[in-house]
Amino acid sequence: DKTTISVAVPSTATVGDLKRVVEGETCVLVKRQKLTGLPKAPDDALLSSLKIKRPVMKLMLIGSAEKDIQAVAEAKVDESVVDDLFDVEDGEEDFPVAQRPENLVKLEVRIDKWRPNILNPSRPDCKLLVLDIDYTLFDHRSSVETPVELMRPFLHEFLTVAYNSGFDIIIWSATSMKWVELKMKELGVTDSTNFKIAALVDSSAMITVTDEKHGTFNTKPLPVVWAHFPQYGPHNTLMFDDLRRNFIMNPQTGLKIRPCRNLPVTRDSDEELLFLSKYLLAISTVDDFTKLDHRRWERYLEKHAKYVVVRKSE
Ligand code: MG
């Protein structure tokens, strides 16, 4: 986005002075500024000593405002902190958080206030797949050169199979919308020509619940999504997440995937999305998902002879 701003500095000003004035006008910190059109010079060089002929000069500023960078950084920190909390254990999904009146009130408030970020229209007669990002589609901890190296193997194949098997796809991350958009763009997900993402959802659709055993935590309640997309419900929705507590308000609908971690080492053996795409294909003709037990998804696959299940890693 280009915006033109005018700044004036005295004739005795240095490059650093100019940058500080620009910082004041744009919130882009001095250290993040790149002023093209300005001759290369240290910050303490006098502007008058540079070969600038005209008293009025057009410069182009490249750099992000600090508040934007911080929003992204905070969003990232958020989920890292969350990661280190507990998860609900296998078989514990039925604790009564989902029925508590105070949580139903929180749901109503969310449904009222939250608005989805719709990217593409939902298709008629489609089911819904809701996907977490961190550790589900993306290993956000390992250090690598580019984000694409942290993309889980088979991600694009998986999304293509899901889309072509009649699943509309919603991405839901416990971070900020800015971060969700950035990641999905970096991974080539939002502009793929093979599949379309229906909507992006961030932490603003989550609610905070409390339980004696687990304490207070944030969760991703599907009823909020269902209220805004009435064609979907428990009968045709499936949610993938590496944390079981994220589907505590709709336990039957969740499938806890193996987390995608340490990709530089696990890249060759991580076939989770490949096999999950086979599962999606297998259940795409099932009319009522409430009859499925997603904890046994691999057993379900084995029963369907046409889907051969062989994991390299096992
Ligand atoms: Mg996650």
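Hydrogens, waters and symmetry mates play no part in the numbers below; they use all other heavy atoms, side chains included. Order of appearance sets the numbers: ligands from 1, and atoms from 1 within every ligand.
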Inset, instruction - Examine the side chains of Asn117 and Glu181 and answer whether a donor and an acceptor come within less than 3.5 Å of each other. - result: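 A pair is found: one side chain offers a donor N or O, the other an acceptor, under 3.5 Å apart.
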Legend entry - Met184 side chain reached by Leu119 side chain, heavy atoms, under 4.5 Å: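 Not touching, per the 4.5 Å side-chain cut-off.
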Inset, instruction - Calculate the angle formed at the Mg ion (ligand 1) by O in Asp134 and OD1 in Asp242; 10° precision is enough. - result: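 The two atoms form an angle at the metal of about 100°.
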Inset, instruction - Would you mind naming the N, O or S atom of Asp132 nearest to the Mg ion (ligand 1)? - result: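 Nearest to the Mg ion (ligand 1) within Asp132's N, O and S set: OD2.
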Inset, instruction - Sequence neighbours left out, what pairs pass side-chain hydrogen bond (donor to acceptor under 3.5 Å, both in side chains) with at least one residue falling in residues 182-191? - result: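 Checked against side-chain hydrogen bond (donor to acceptor under 3.5 Å, both in side chains) - neighbours excluded - the pairs reaching residues 182-191 are Asp134-Lys183.
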Inset, instruction - Determine the interplanar angle of the His294 and Tyr279 rings, folded into 0 to 90°, and report it as parallel if under 30°, tilted if 30 to 60°, perpendicular if over 60°. - result: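 His294 vs Tyr279 ring planes: perpendicular.
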Legend entry - Whether Asp241 has an N, O or S atom under 2.8 Å from the Mg ion (ligand 1):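 Asp241 does not place any N, O or S atom closer than 2.8 Å to the Mg ion (ligand 1).
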